[in-house]
Amino acid sequence: MLLDELNQQQQDAVREIDGPIIIIAGAGSGKTKTLTCKIAYDLQNGISPYNILALTFTNKAAEEMKERITELVGTPAKYILMGTFHSIFSRILRLESERLGFVSRFSIYDTDDAKSLIKTIIKEMNLDEKRYTVSFVMERISKAKNNLFSPSDYLNSIEIQAEDRAAHKEQIGYIYQQYNRRLKGAMAMDFDDLLFNMNVLLRDFPDVLKKYQERFRYIMVDEYQDTNFAQYLIIKKLAALHRNICVVGDDAQSIYAFRGASIRNILNFKTDYPDAKVFKLEQNYRSTQNIVNAANCVIANNEDQIKKNVWTSNPQGCKIRYTNHDSDRAEAEYVCQTIKDKVIDGDNYSDFAVLYRTNMQSRVLEEALRLRNTPYRLYGGISFYSRKEIKDVLAYFRLVSNNDDNGAFERSINNPARGIGNTTINRLKIIAAEHNVSLFSAALNLPNFSSKINGTTVEKIVEFCKMIVAFSKTIHQRNAYELGEEIIRMSGIKTALKNEESIEAEDRINNIDELINSLQAFVRKEDDIIIDELTGEEISQTERTLDVFLSQVSLMTDADNDDEGDKVVLMTIHAAKGLEFPYVFIVGMEENLFPSLQSLTQRSDTEEERRLFYVAITRAEKELMISSARMRFRYGELVFAERSRFVEEIDEAYLEQSLDGKKSFPALHKDANDNSNRKKPLLKLPSKDSKKPLPTSLPHPVGGNASSALRKFEIGSRVVHSRFGEGTILLLEGEGDNRKAMVNFDVGGKKILVLRFAKLEIL
DNA sequence: AGGTACTTATAGAGT
DNA sequence: ATAAGTACCT
């Protein structure tokens with residue numbers, strides 16, 4: 001029976017089918033299990049899968065949930081409309097696109113595409129690029145869209161205009177206006193538009209609203225604490241008719257305010273739906289008592305929260321271990337060594353996760369892991385889909401699918417080089433603007449327009465356009481693999497890379513081949529039948545076309561392609577939400593890094609950082625290791641850091657401290673349950689107020705070079721470096737801490753190294 | 001038009 | 001440390 005494996009609170013939540021429901025699910029409280037059981041229970045009670053809408057934050061979460069529901073109830077699960085906000089709404093928008101004046105094959109601009117468009121506009125408006133930085137303008141526009149301010153709302157808002165004027169950036173409204181016009185002209189939407197336009201659709205077309213209200217009789221929203229205003233309002237409108245809305249979340253895990261999410265949505269659910277039934281899942285099944293208690297201590301420092309008591313009946317476990325290290329490298333080495341030791345004792349690599357605040361921290365960890373041949377899997381960072389060569393290929397696909405996509409046109413027209421340079425493109429842009437048509441349309445009809453572009457160039461442009469047109473014509477006759485493969489072949493991208501004959505080019509070719517593989521997988525999908533849950537129709541193999549592929553790929557992230565295997569996992573804390581691991585390292589516990597510098601200016605931001613730390617702690621099942629470094633490389637230079645304030649927020653009853661990473665835990669496994677003599681930390685840390693002066697000279701070189709070794713370096717010495725291998729010293733300069741050597745490495749050539757940091761050893 | 005060499009800006013999380 | 005942009009040369 002479905003309910004047998006659930007505790008009382010979980011059962012209560014599952015049994016409540018109708019009306020507004022909020023489930024506050026503490027970390028590790030079996031949220032996914034409850035949610036999947038709940039949907040299965042609904043289905044068993046006669047609710048049609050066709051009437052269920054389930055919204056998640058990641059594709060992965062949606063897939064996993066669907067899989068689990070299928071296990072419980074079988075085929076009907078296939079018909080449930082379940083996915084991310086962005087993917088579900090993009091599909092609805094494609095169906096209803098003509099209402100908003102879009103083609104159904106509109107393009108989706110990712111952040112890079114959007115930024116380059118904004119940049120173009122700033123340049124065209126002759127604005128000072130120092131004052132109007134792309135990232136700032138982008139943030140303003142994104143925030144406006146997430147709060148449903150159109151360009152005219154933006155320009156008419158006294159408050160917003162005052163803000164912009166105060167910042168001496170009063171042109172942002174006009175940039176926004178132009179940006180949106182250009183998106184429309186390219187038949188494109190950015191990520192925020194998917195939410196904004198969904199709102200427009202439901203606001204301006206009552207028949208559409210009614211249609212989807214009637215369709216979605218039961219609505220579930222996962223991670224409700226991370227919804228922004230635009231998402232909140234869509235949900236509210238869709239649920240207004242039947243009021244069967246079930247939201248699940250944990251205010252303590254709200255970590256996306258930076259993206260416009262409002263913790264208020266979950267805190268105010270009872271206000272919106274006074275008759276809402278509230279269920280709290282407070283028993284943690286994931287972590288040891290020490291971990292749960294430590295997490296509770298940390299989160300208790302936040303003011304904004306729903307009261308709850310997360311507890312566990314799991315074993316007490318060992319204390320959380322905090323270590324401080326000389327440098328980011330030493331910290332990384334400590335992580336590697338600890339993992340190695342535990343693997344020797346029988347644990348798997350995949351039992352470990354290393355979590356960090358910022359993606360840039362992954363580098364030093366990767367280096368250390370590689371050095372020790374420790375298998376790892378890196379999540380995030382430059383995703384597969386944002387690699388240049390992949391974006392190049394996808395630009396071709398986009399252009400074929402949507403000829404008006406100016407961004408895709410500009411990217412493709414001279415890639416690979418066809419002798420169509422900047423001058424030509426600028427002339428083309430002018431023609432397109434004069435005739436108010438897209439670049440592609442202007443290019444295709446170029447012979448009919450008078451222009452300064454010379455004849456041979458015109459021929460090349462027309463030839464390109466004809467190739468694209470030929471592809472576009474067959475887009476619905478051929479499957480994504482056949483067409484995509486041909487586009488790649490005919491574009492000449494791969495040939496150009498082959499001619500480069502470099503290692504990098506080889507990698508790029510491999511990546512393109514991987515993309516071709518994914519086209520093939522998309523077309524073949526072992527699942528005999530793919531069902532479009534939105535329309536209820538089956539999608540045959542021939543209907544798995546390039547535009548369908550593209551519509552999915554634009555919203556795909558790396559995390560969605562999991563490559564399993566026994567590997568240590570490296571990821572940001574944000575990416576780790578919803579996951580769990582037996583052993584977790586949280587590295588970089590330093591002021592100005594975690595919490596980040598930007599977050600310290602506002603209390604609410606600091607609270608968000610604390611929730612982020614809470615999320616990180618609660619990923620751990622058995623053991624948690626947190627660490628910091630006294631200095632680390634940031635932006636290419638060395639910075640010193642103090643221990644994060646968050647470390648102190650963990651009661652010492654649950655924490656074990658050591659200042660140097662190694663050999664400091666004599667009783668690693670034994671005394672875990674012995675609390676009796678642990679009133680004081682093993683080592684007294686300097687209090688945060690007693691600011692120690694920054695060390696003027698470093699205690700020890702990172703790699704352990706004793707200073708005596710420095711003297712032995714001479715011009716002509718043969719040396720070995722941990723990363724670069726063997727080489728010969730060509731030059732020496734500087735004194736003391738600044739002593740540098742130019743080394744000619746046998747592989748890789750000349751490099752200048754600061755001896756204080758470089759792991760150079762004399763052979 | 002295209003490629004190379006040098007300069008400069010920029011580093012917070014991700015659908 | 002790195003990517004992106006610019007200046008300059010072929």
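Here is how names work: the chains are called A, B, and so on, in the same order as the sequence lines, proteins then strands, and each is numbered from 1. Just the heavy atoms: all of them, side chains too, but no hydrogens, waters or symmetry mates, feed the values below.
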Open item on the list: Quick check on B:dG14: is either OP1 or OP2 less than 4.0 Å from any side-chain nitrogen or oxygen of A:Thr58?
Closed with: no

Open item on the list: Less than 6.0 angstrom separating the ring centers of A:Tyr132 and A:His168, yes or no?
Closed with: no

Open item on the list: By the 4.0 Å heavy-atom rule, please label A:Lys119 as base, sugar-phosphate, or nothing.
Closed with: sugar-phosphate

Open item on the list: Under the criterion of centre distance below 5.5 Å and interplanar angle below 30°, is A:Phe258 classified as stacked on the base of B:dG12?
Closed with: no

- [ ] Give the ring-plane orientation class for A:Phe613 versus A:Phe594, where under 30° counts as parallel, over 60° as perpendicular and anything between as tilted.
- [x] perpendicular

Task: Step-by-step salt bridge (Lys or Arg N to Asp or Glu O under 4.0 Å) determination, A:Arg611 to A:Glu608 - done: CA-CA 5 Å; A:Arg611 292 193 294 269; A:Glu608 174 147 314; 3.4 Å; yes

Open item on the list: Using a heavy-atom cut-off of 4.0 Å across all strands, would you classify A:Ser87 as base, sugar-phosphate, or nothing?
Closed with: nothing

Open item on the list: Considering every strand and a 4.0 Å limit on heavy-atom distances, what is the contact class for A:Phe85: base, sugar-phosphate, or nothing?
Closed with: nothing

TODO: For A:Asn414, report the nucleic acid contact type (base, sugar-phosphate, nothing); a contact means any heavy atom under 4.0 Å.
DONE: sugar-phosphate

TODO: Assign each of A:Arg634 and A:Gly419 to its nearest nucleotide of DNA chain B by heavy atoms, then name whichever residue's nucleotide is nearer the 5' end.
DONE: A:Gly419

Open item on the list: Quick check on DNA chain B: between A:Thr572 and A:Glu129, whose nearest nucleotide comes earlier from the 5' end?
Closed with: A:Glu129

- [ ] Kindly point out which of B:dG14, C:dA4, B:dA9 is positioned nearest to the side chain of A:Lys130?
- [x] B:dA9

